[in-house]
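Structure first, then comments.
Since this is a predicted model, take the numbers as computed values, not measurements. Each residue takes its place number in the sequence, starting with 1.
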Amino acid sequence: MDELELLKKDWKKQDANYPELSYNEIYKMIHKKSSSIVKWIFIICLIELFFWSLLNLFMPEKYLEIYDKFNLKTFLMITQAIHYSIVIVFIYLFYKNYKKISVTDSINLLMQRIIKTRKTVNYYVYYNLILYALLSVVVNLIMFSNPETLVATLNPENKIIDSSKFLNIMLIAQIITFFVVIGLLWGYYKIIYGFLLKRLNSNYKELETLND
């Protein structure tokens, strides 16, 4: 049992009015924990941006050449630039939430900050999942609408193959990959951000108790 739980236990044993010191101590501990959680959300988002930037930096040129054959290279570069801009906006919002929570000095205001942070995190998660889904659908529609180019790109040695069967296998593989990646992303966000939001929600409920 941590220090906060011990204080709450002692506090609830009081028969009359709550002692001001205990009330303040409990609030300060919840405030400190909430501030720490929001700070970690900000840090994790920064790490994600750094990771994906590093991954794109070392992306093999041959990988991009495939998209170039479908005239998708410029489209993907523009999309990537817009995506990074939006992620930077989210990072700014996470930082702003952290700074505001750090200087919050009332229960009601802290509860409002927690609600706002939860919404921002949810928007960030949904944005990333929807973006991946939309890009995957658009890119695959363009590629599979040019079957000759797709077969030639994936069969550079011009081996004798059944093009129709090959395209069907590729389509099934892409569909499976799509759902696997979506599942992995959702699992990642659920574990990392879900854990942090769960702790933040717990703090919110504690504040509701204090505010009654």
Side-chain angles (χ1 to χ4, degrees), residues 40-97 117-198:
W40 272 108
I41 291 172
F42 166 68
I43 291 172
I44 291 170
C45 195
L46 272 178
I47 293 172
E48 287 176 3
L49 178 63
F50 176 76
F51 171 78
W52 290 113
S53 299
L54 201 63
L55 195 65
N56 286 322
L57 187 64
F58 290 99
M59 188 71 68
E61 189 64 29
K62 289 183 179 180
Y63 180 80
L64 297 176
E65 287 176 359
I66 295 174
Y67 293 111
D68 198 25
K69 292 181 180 180
F70 294 91
N71 299 315
L72 284 169
K73 192 173 180 179
T74 301
F75 166 74
L76 290 175
M77 288 178 67
I78 293 172
T79 303
Q80 189 178 76
I82 295 173
H83 168 64
Y84 282 141
S85 299
I86 294 174
V87 170
I88 289 172
V89 170
F90 273 111
I91 289 174
Y92 167 74
L93 292 175
F94 289 141
Y95 176 76
K96 189 177 178 182
N97 288 338
T117 300
R118 288 188 313 198
K119 288 181 178 179
T120 307
V121 171
N122 286 328
Y123 291 148
Y124 174 72
V125 171
Y126 292 138
Y127 161 74
N128 280 286
L129 292 173
I130 291 171
L131 176 68
Y132 171 76
L134 286 176
L135 278 180
S136 295
V137 170
V138 170
V139 169
N140 279 286
L141 279 175
I142 293 173
M143 293 175 69
F144 280 93
S145 64
N146 296 275
E148 295 83 7
T149 306
L150 182 59
V151 172
T153 302
L154 299 177
N155 184 32
E157 298 179 2
N158 295 318
K159 295 180 181 179
I160 299 174
I161 59 174
D162 186 334
S163 297
S164 179
K165 186 177 180 180
F166 177 77
L167 289 171
N168 287 334
I169 292 173
M170 281 300 303
L171 180 59
I172 293 171
Q174 287 296 88
I175 292 172
I176 293 173
T177 301
F178 172 81
F179 284 107
V180 168
V181 173
I182 284 288
L184 289 174
L185 286 174
W186 174 252
Y188 166 78
Y189 289 129
K190 190 72 174 176
I191 292 171
I192 302 300
Y193 291 101
F195 170 73
L196 293 172
L197 287 183
K198 186 177 180 181

query: Can we call the ring centroids of Tyr123 and Phe90 under 6.0 Å apart?
result: no
- prompt: In terms of side-chain heavy atoms, does Tyr84 have a donor or acceptor partner in Asn56 at a distance below 3.5 Å?
  reply: yes
message: Does any part of the side chain of Asn122, heavy atoms only, come nearer than 4.5 Å to the side chain of Leu197, both counted from C-beta?
response: yes
field: Euclidean distance, Ile86 CD1 relative to Asn128 CG, rounded to 0.5 Å
entry: 9.5 Å
message: I'd like to know whether Leu54 forms a side chain to side chain contact (heavy atoms under 4.5 Å, CB included) with Phe58, so could you lay out the CA-CA distance, the side-chain angles of the two residues, the decisive distance to 0.1 Å, and finally the verdict.
response: CA-CA 6 Å; Leu54 201 63; Phe58 290 99; 3.6 Å; yes
task: With rounding to the nearest 0.5 Å, note down the distance linking CG in Leu46 to CD1 in Ile91.
output: 4.5 Å
- prompt: Is atom NZ of Lys190 surrounded by more than 12 heavy atoms (other residues, nucleotides or ligands) closer than 6.0 Å?
  reply: no
message: Let me confirm one number: the CG-OG1 distance from Asp68 to Thr74, rounded to the nearest 0.5 Å.
response: 7.5 Å
message: Counting neighbours of OH on Tyr92 that are heavy atoms of other residues, nucleotides or ligands and sit closer than 6.0 Å, is the number greater than 12?
response: no
Test log, rule side chain to side chain contact (heavy atoms under 4.5 Å, CB included), inputs Phe75 and Leu135: CA-CA 10 Å; Phe75 166 74; Leu135 278 180; 4.0 Å; yes
message: Using the rule side-chain contact (heavy atoms from CB on, under 4.5 Å), only one of Leu185, Leu184, Ile192 pairs with Tyr188; which is it?
response: Ile192
message: Are the side chains of Leu72 and Met143 in contact, using a 4.5 Å heavy-atom criterion?
response: yes
- prompt: Taking atom CG of Leu57 and atom OG of Ser53, what is their separation to the nearest 0.5 Å?
  reply: 8.5 Å
query: Are any of the side-chain heavy atoms of Tyr193 and Ile44 separated by less than 4.5 Å?
result: yes
message: Looking at every heavy atom in both Ala133 and Phe178, which two are closest together, and how far apart are they?
response: CA-CE1, 3.6 Å
- prompt: Can you tell me how far CG of Leu167 sits from CD of Glu148, rounded to the nearest 0.5 angstrom?
  reply: 8.5 Å
message: Checking Phe144 against Gln174 for the side chain to side chain contact (heavy atoms under 4.5 Å, CB included) test, could you report, in this order, the C-alpha distance in whole Å, the side-chain angles of both residues, the deciding distance, and whether it holds?
response: CA-CA 11 Å; Phe144 280 93; Gln174 287 296 88; 4.0 Å; yes
Pairwise side-chain contact, Val121 with Leu196, heavy-atom cut-off 4.5 Å (strictly under): no
- line: When rounded to the nearest 0.5 Å, the distance separating OG of Ser145 from CG of Leu141 is 7.0 Å
query: Is Tyr95 atom OH crowded by more than 12 heavy atoms from other residues, nucleotides or ligands, each under 6.0 Å away?
result: no
query: Side chains of Leu93 and Tyr124: does their closest heavy-atom pair fall under 4.5 Å?
result: no
Test of ring centre spacing under 6.0 Å for Tyr132 and His83: no
message: Go through it in stages, so that I can follow the logic: the residues are Ile43 and Phe94, the test is side chain to side chain contact (heavy atoms under 4.5 Å, CB included), and I'd like the CA-CA distance, side-chain angles, deciding distance and then a yes or no.
response: CA-CA 9 Å; Ile43 291 172; Phe94 289 141; over 6 Å; no
